[in-house]
Amino acid sequence: FEEIAVFIDGGMEQNDDSTFLGSLSPRLRSAALRLTQQANKNNLEDVVELARQDIAQMGCISLQEAEQLQLIAAQHLFPAKTFRKSMYDIIQQNPTQWLSTGCGKLDSFFGGGIPTQCGIIELCGESASGKTQFCVQLLLQAQLPVDQGGLGGAGLFVSTKPDSAKLHEQLLNVWQRRYGADKITSQQLLVSKVGEPAELLRLLRRDFRLLIRNKSIKVLVIDSIASLVTGIFEADEQDQKVSLLYQISRELKLIADDCRILIIVTNHVSDFMGHSSDVTKQQSLGGCWMSNGRPVIPSLGLFWANCVSNRIILARTLKKVEVQLDPLPEPAQDAFEGFETATKRRKISEASSLPQQPHHQQQQHQNQQIDFGEEVISAELREMRIQFSSFRTDEYRQGFVITDRGLVGVEVD
């Protein structure tokens, strides 16, 4: 705020742009000048902060007059128009937007979609659990108009891993076929490569902020935060690692608040080493979970867990599931008509009962993509859970499979 009164030659005089002293009676004007001489209070902030009894004593006025002087000073400092708003008005002016995942079952799992005003969301899981594909899916969904579950803006994908352009192109083609090339474009999916933590910090502090405003970016994804710091710091440099992670999380939170966008980061997991009793205890506390038949815990430790507001777990299972997908809609059809994927047929079997295959054949089968012409697919069942969240408190599992059409929710027994 501009100072309404200035101190000149030991006294408070009226500023050319101010009507403060002119609005006071002669008695209160004299009291204001005495305050500058006796208490060395040369601006309105100091007058407002003084105790009423001190104003009355130093200004030689009554308590009622001191209260009146404080009120007039406060009104000049804080005009009524700046604070005469109810909380309802503030919320209505800045409503929280919700981003659809593009799948009805996953939307229900999140309570109607993913809110943009919820801090940092972390997707945590092992390799091939679906983290990157889910991120790209949300970036494409963000391009859709608000009335179709999107955010009406672009998405920024910050990659710290090897090139994933093939996945981007594949999902882009699917989303264009579903919603139309006029709503989903490659120009609205921005990709940035980052190799060093210091480089990411520099981009967050300046370049990305400018890009977010100029390109109307609504979703920022960093894939992955763990890859960025793994193997860089020695054992005796953990303090530097913690400091850098704190600075990165702080900048992400500032961007989320200032620019009002959705921030998503991905994180790896590591094997939990301990006795079976320790595993059971950690599972009950939510510290570890089973993925691909083994207990795992998030990378980056407890410190990083306190840097994010939401942690969504993506885990692999030792089960297969068969699902029948609705036909992929033509772009001219309504966006939500053909996309709601129902699980019409499902058959789950333990991996132990399946014929064993060599490791390279299993990996090839896991990465096999489904052609659009197929309606019944067989895929590995994965599970999604919310470990902690600022917008969702229910604790239950949501099954899903990975297809060419993105992540598709299925029921879990």
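Side-chain contact check for Ile264 versus Leu220: every heavy-atom pair is 4.5 Å or farther apart. Between Val308 and Phe388 the shortest side-chain heavy-atom distance falls below 4.5 Å. By the 4.5 Å heavy-atom criterion applied to side chains, Leu201 and Leu203 are not counted as neighbours. Residues Val269 and Cys124 form a side-chain contact, since some pair of their non-hydrogen atoms from C-beta on lies under 4.5 Å apart. Between Thr185 and Gln188, some side-chain heavy-atom pair lies under the 4.5 Å cut-off. The shortest distance between side-chain heavy atoms of Ile386 and Arg311 does not fall below 4.5 Å. No side-chain heavy atom of Val158 sits under 4.5 Å from any side-chain heavy atom of Asp223. The closest side-chain heavy-atom distance from Leu156 to Val221 is not below 4.5 Å.
Counting heavy-atom neighbours within 6.0 Å of Tyr246 OH, excluding the residue itself, gives a total of 12 or less. By the 6.0 Å contact criterion, NZ on Lys215 is open, its count of non-hydrogen atoms from other residues, nucleotides or ligands being 12 or less.
In this view, Asp257 satisfies the salt bridge (Lys or Arg N to Asp or Glu O under 4.0 Å) rule with no residue, not counting sequence neighbours. Every residue two or more places apart in sequence or in another chain that forms a side chain to side chain contact (heavy atoms under 4.5 Å, CB included) with Arg202 is listed here: Glu199, Asp207.
At least one donor-acceptor pair closer than 3.5 Å links the side chain of Thr317 to the backbone N or O of Leu381. Looking only at distances, a side-chain donor or acceptor of Asn267 sits under 3.5 Å from a matching main-chain atom of Ser299. Without hydrogens or angle criteria, Gln398 side chain to Val410 main chain gives a donor-acceptor distance under 3.5 Å. Here the side chain of Ser243 pairs no donor or acceptor atom with the backbone of Asp239 at under 3.5 angstrom. Although no hydrogens or angles enter the test, the distance criterion places a donor-acceptor pair under 3.5 Å between the side chain of Gln133 and the main chain of Thr403. Without hydrogens or angle criteria, Lys131 side chain to Glu126 main chain gives a donor-acceptor distance under 3.5 Å. Panel note: side chain Ser100, backbone Gly113; no donor-acceptor pair is recorded below 3.5 Å. Without hydrogens or angle criteria, Asn310 side chain to Cys118 main chain gives a donor-acceptor distance under 3.5 Å.
In this structure, Ser378 and Glu322 approach most closely via the heavy-atom pair CB-CG, 4.1 Å. Pro115 approaches Leu262 most closely through the heavy-atom pair O-CD1, 3.5 Å. Considering every non-hydrogen atom in both Leu140 and Leu189, the closest pair reads CD2-CD2, 4.1 Å. Closest approach of Leu172 to Ser186, counting heavy atoms only: CD2-CB, 3.6 Å. Of all the heavy atoms in Ser224 and His268, the pair that sits closest is OG-NE2, 3.3 Å. Here the closest heavy-atom approach between residue Val229 and residue Pro197 is recorded as CG1-CG, 4.1 Å.
Residue Ile225 holds its CD1 atom at 6.0 Å from CG of Leu200, rounded to the nearest 0.5 Å. A distance of 13.5 Å separates CZ in Arg382 from CZ in Phe134, rounded to the nearest 0.5 Å. Separating the CG atom in Leu244 from the CD atom in Glu196 is a distance of 10.0 Å, to the nearest 0.5 Å. To the nearest 0.5 Å, the span separating CG on Leu245 from NZ on Lys241 amounts to 6.5 Å. How far CD1 of Ile312 is from CZ of Arg385: 12.5 Å, rounded to the nearest 0.5 Å. Atoms SG and CZ, on Cys307 and Arg250 in that order, are 12.0 Å from each other to the nearest 0.5 Å.
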Any chance you could lay out the side chain to side chain contact (heavy atoms under 4.5 Å, CB included) test for Thr266 and Ile222, step after step, and finish with the verdict? CA-CA 7 Å; Thr266 65; Ile222 298 179; over 6 Å; no

Determine, step by step, whether Ile184 and Leu144 satisfy the side chain to side chain contact (heavy atoms under 4.5 Å, CB included) criterion, reporting the C-alpha distance in whole Å, the side-chain angles of both residues, the deciding distance to 0.1 Å, and the verdict. CA-CA 7 Å; Ile184 306 295; Leu144 294 174; 3.7 Å; yes

Go through the steps to decide whether Arg260 and Gln117 satisfy the test side chain to side chain contact (heavy atoms under 4.5 Å, CB included), and finish with yes or no. CA-CA 7 Å; Arg260 304 183 66 82; Gln117 309 297 313; 3.3 Å; yes

Take Arg405 and Gln137, measure what side-chain hydrogen bond (donor to acceptor under 3.5 Å, both in side chains) needs, and give me the verdict at the end. CA-CA 9 Å; Arg405 308 179 191 187; Gln137 181 170 330; over 6 Å; no

Assess whether side chain to side chain contact (heavy atoms under 4.5 Å, CB included) is satisfied between Ile217 and Leu190, documenting all intermediate values. CA-CA 9 Å; Ile217 290 174; Leu190 308 178; 3.8 Å; yes

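Screening residues 101-121 for ring-ring contact (aromatic ring centres under 6.0 Å, His included), with sequence neighbours left out, gives Phe109-Tyr396.
Residues Lys183 and Gln148 have side chains that bring a donor and an acceptor to within less than 3.5 angstrom of each other. Looking only at atom types and distance, the side chain of Trp175 has a donor-acceptor partner in the side chain of Gln141 under 3.5 Å away.
Using a 4.0 Å cut-off between charged nitrogen and carboxylate oxygen, Arg294 and Asp271 count as a salt-bridge pair. A salt bridge links Glu380 and Arg316; the closest N-O separation between the charged side-chain nitrogens and carboxylate oxygens is under 4.0 Å.
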